[in-house]
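Worth knowing before you read on, the calculation uses all heavy atoms, side chains too, and leaves out hydrogens, waters and symmetry mates. Convention: sequence-line order gives letters A, B, ...; per-chain numbering from 1.
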Protein chains: 2
Amino acid sequence: MKRKITLKQIARELDVSISTVSKALKNSKEISADTIQKVQAFAKLYNYRPNNIALSLKNRKTNTIGIIIPEIVHHFFSKVIRGVELVANKRGYNVIIGLSNESFSKEVINMEMLANGSIDGFILSMSKETLQQQDYHHFNETMSQGMPIVMFDRVVSDIKCDKVIVDDFKGAKNAVEKLIANKCKSIALITTKDYVSVGKLRTQGYLEALHENRITPEADLILKMDDTLDYEVHLETLEAEIEQLFKSNKKIDGVFAVNELYALSAMKVARKLGLSVPNDIQVIGFTDGVLSKHATPSLTTVSQHAQQMGEKAADLLIDKIETEFDTEEEQFQTVVIPTDLVERESTK
Amino acid sequence: MKRKITLKQIARELDVSISTVSKALKNSKEISADTIQKVQAFAKLYNYRPNNIALSLKNRKTNTIGIIIPEIVHHFFSKVIRGVELVANKRGYNVIIGLSNESFSKEVINMEMLANGSIDGFILSMSKETLQQQDYHHFNETMSQGMPIVMFDRVVSDIKCDKVIVDDFKGAKNAVEKLIANKCKSIALITTKDYVSVGKLRTQGYLEALHENRITPEADLILKMDDTLDYEVHLETLEAEIEQLFKSNKKIDGVFAVNELYALSAMKVARKLGLSVPNDIQVIGFTDGVLSKHATPSLTTVSQHAQQMGEKAADLLIDKIETEFDTEEEQFQTVVIPTDLVERESTK
DNA sequence: TTTTAACACGCAAACGTTTTCGTGACTTAT
DNA sequence: ATAAGTCACGAAAACGTTTGCGTGTTAAAA
């Protein structure tokens, strides 16, 4: 088991100095053709590669970006990662991941671990707990130390940094407008509590669409789920709530759900109650997920283009990393990725 | 924008030497209580944290593990990552990801990037292309440089390293036995071509179950898909093939599919042909995915316990990293994670 | 008063690079 | 023959740590 070879070892073997080896490998014109040839041959033979850690230390640059997300077993986030990884690799960066598991303290710990030299910048989406507690000190501290942050999807305006978001408001509005155009008269909304910014915005989009079409929103038709529960495990609770909604509002003929699972559950409950989708009830969800595509009937959704978000976030971050324009005060931008309404079988 | 503070800066401010600061922070008894108190107060004030990169260089240890997978937008792999991340963090390690995108060359490049000092060891699952080309030089080279590798799921016996696999053979056999016990007389198999080890083993499990029950396998009932195609985009091709299978073998009353998508497609085609699942045809898939749970009818599957695989792989790897027992020749182990048959609505 | 020991701290090397600068040995021009 | 200029290379510093060892000061023991 041989260790990785270093400049020092090559130097010793070839009886030259370390600096000569280093320069020879870079085809420096300070070094004679003879020596260059000799060194490069030896280096190739032993498959020399410079040690990244040493380079990082010397250059004060790791060429690695950290990504902190609440959860990885989730199509949206894994697609974002794929996007990040794609452009990161293309631009010579590695990606290191940290999972907050929706916990504030894990988010803080993870960021601290990575912030101490391991990476050049962060791409992150806040945990629900952080959103609830509204404690953003770790973000601000990280940035004050000169480490750039790009946030995506779950953002708050209090934090001054680059952001990549989806137009939740317009996406939701479009979806509801589609239902209205499809002759739905009584459109229910299944959403989350308001502290999650995206849920809030989608709810507003729903209301705006109703308003513009002179439909009076009814509180009865709006179901706000407590999403601190993991509904992958408490599916029955979710379904029971929706069933209750449907039963007490028989006139419902359209449903807009702010995520995939809510939408699927709505369809499931509808079927259970003997209602046909899309004939009796039309359903639209909000996501990029795989469930929508393979559901029966397949689900019409607002697509978020998660991968594109990841790509954009990575580009923004690397741009920031690579310009040391500390000159004028920082300029932050918020990029809005447009949504698409992907029409499938759950709408007419 | 202040840079991160270093020992040197603390030393200069407090007019002591760097080593004194370092020792004071570690409560070394070489240092007076006075100085310790002074240094620690200052360090806390400025929120000093040692630079990971410098530590990595000094200790020749990064406390980071690399994970190379073919694809991240995939429930199985993201669950594995979650498992890896879970135990890695618990044991003080970070996780850095590389995606091979099922490509041999990207796998090689990614490994080379990480192998040069960035990480202490690899956890990986081979790309399809690597499996086809059977070129494993990059794995062997990496290991010969003293970097441990743990492989999971897609493995080959030619490579000597720790492995974590699922008992594909037994899992498949159990599933088919279940179908047989449920009175299926004509059981079809939808699988991949044999170069993917897992597909091959699952096929063998299928055959073995038939054999033990004195059922003669029929070539007509075995559909081998070319999985170099991405069936997420070529769904129609997949469905057409399955439809062909069903139409030319009307007696089929059971289907075992080696993954989730094949199984779902089989159900979809069955429905299209007016066959009821599970009354006319019972279906079992193989995976941990989310589709199975939310499909209609929900799909009975062989669960792989992906997260557990990730956890085990991480433990194996870190164990190996942390024992420098170069003494006797290396001992490699292959851990088999048992599968579970999760019964849902697609079987009786 | 001298020797010894404890104490509190600094020096320097090491991890593996890159890069600036210095310096001998030649070569060329005067 | 001497001055100037190339050429080819080495020494050393720097990135931020940790740690073994040396050392000056003081206090205790002889």
Between [N] atom [atom2] and [X] atom [atom1], what is the distance in whole Å?
X	N	atom1	atom2	answer
K29(B)	dT19(D)	NZ	P	12 Å
K61(A)	dT17(C)	NZ	P	18 Å
E30(A)	dC21(C)	CD	C1'	9 Å
R49(B)	dG16(D)	CZ	P	17 Å
D15(B)	dA8(C)	CG	C1'	15 Å
K26(A)	dA8(D)	NZ	C1'	18 Å

Check whether any side-chain N or O of Y48(B) sits under 4.0 Å from OP1 or OP2 of dG16(D), and answer yes or no.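 It does not, given that no N or O in the side chain of Y48(B) lies less than 4.0 Å from OP1 or OP2 of dG16(D).
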
Mind listing the N/O atom pairs, protein and nucleotides 11-15 of chain C, below 3.5 Å?
{"unit_1": "dC11(C)", "atom_1": "N4", "unit_2": "S19(B)", "atom_2": "OG", "d": "2.7"}
{"unit_1": "dC15(C)", "atom_1": "OP2", "unit_2": "K8(A)", "atom_2": "NZ", "d": "2.8"}
{"unit_1": "dC15(C)", "atom_1": "O3'", "unit_2": "R60(B)", "atom_2": "NE", "d": "3.3"}
{"unit_1": "dC15(C)", "atom_1": "O2", "unit_2": "K58(B)", "atom_2": "N", "d": "3.4"}

Could you check whether any side-chain N or O of [X] sits under 3.5 Å from a backbone N or O of [Y], counting only pairs where one atom can act as donor and the other as acceptor?
X	Y	answer
D162(A)	A313(A)	no
Q133(A)	F104(A)	no
D315(B)	V87(B)	no

For residues 31-41 of chain A, which residues have at least one heavy atom under 4.0 Å from DNA chain C?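 Hits under 4.0 Å, by residue number: none.
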
Please classify the nucleic acid contact of L55(B) as base, sugar-phosphate, or nothing, using heavy-atom distances under 4.0 Å.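 Result for L55(B) = sugar-phosphate.
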
Before accepting this row, confirm whether a basic side-chain N of the pair E102(B)/R154(B) lies closer than 4.0 Å to the acidic partner's carboxylate O.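 Salt bridge between E102(B) and R154(B), a charged N being under 4.0 Å from a carboxylate O: yes.
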
D319(B)/R91(B) ion pair, N-O < 4.0 Å: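 Salt bridge flag = yes for R91(B) with D319(B).
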
In terms of ring plane angle, is the pair F139(A) and Y136(A) parallel, tilted or perpendicular, where the classes change at 30° and 60°?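 Because their plane-to-plane angle is under 30°, the rings of F139(A) and Y136(A) count as parallel.
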
Assign the ring pair F152(B) / F76(B) to parallel, tilted or perpendicular, where the plane angle (0 to 90°) is split at 30° and 60°.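 Rings of F152(B) and F76(B): tilted, as their planes differ by 30° to 60°.
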
Residue pair N51(A) / K4(A), side-chain donor-acceptor N/O under 3.5 Å: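 Distance-only check fails for N51(A) and K4(A).
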
Under the side chain to side chain donor-acceptor pair (under 3.5 Å) test against Q307(B), which residue among R82(B), K79(B), K312(B), E85(B) passes?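 Among R82(B), K79(B), K312(B), E85(B), the one that satisfies the side chain to side chain donor-acceptor pair (under 3.5 Å) with Q307(B) is R82(B).
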
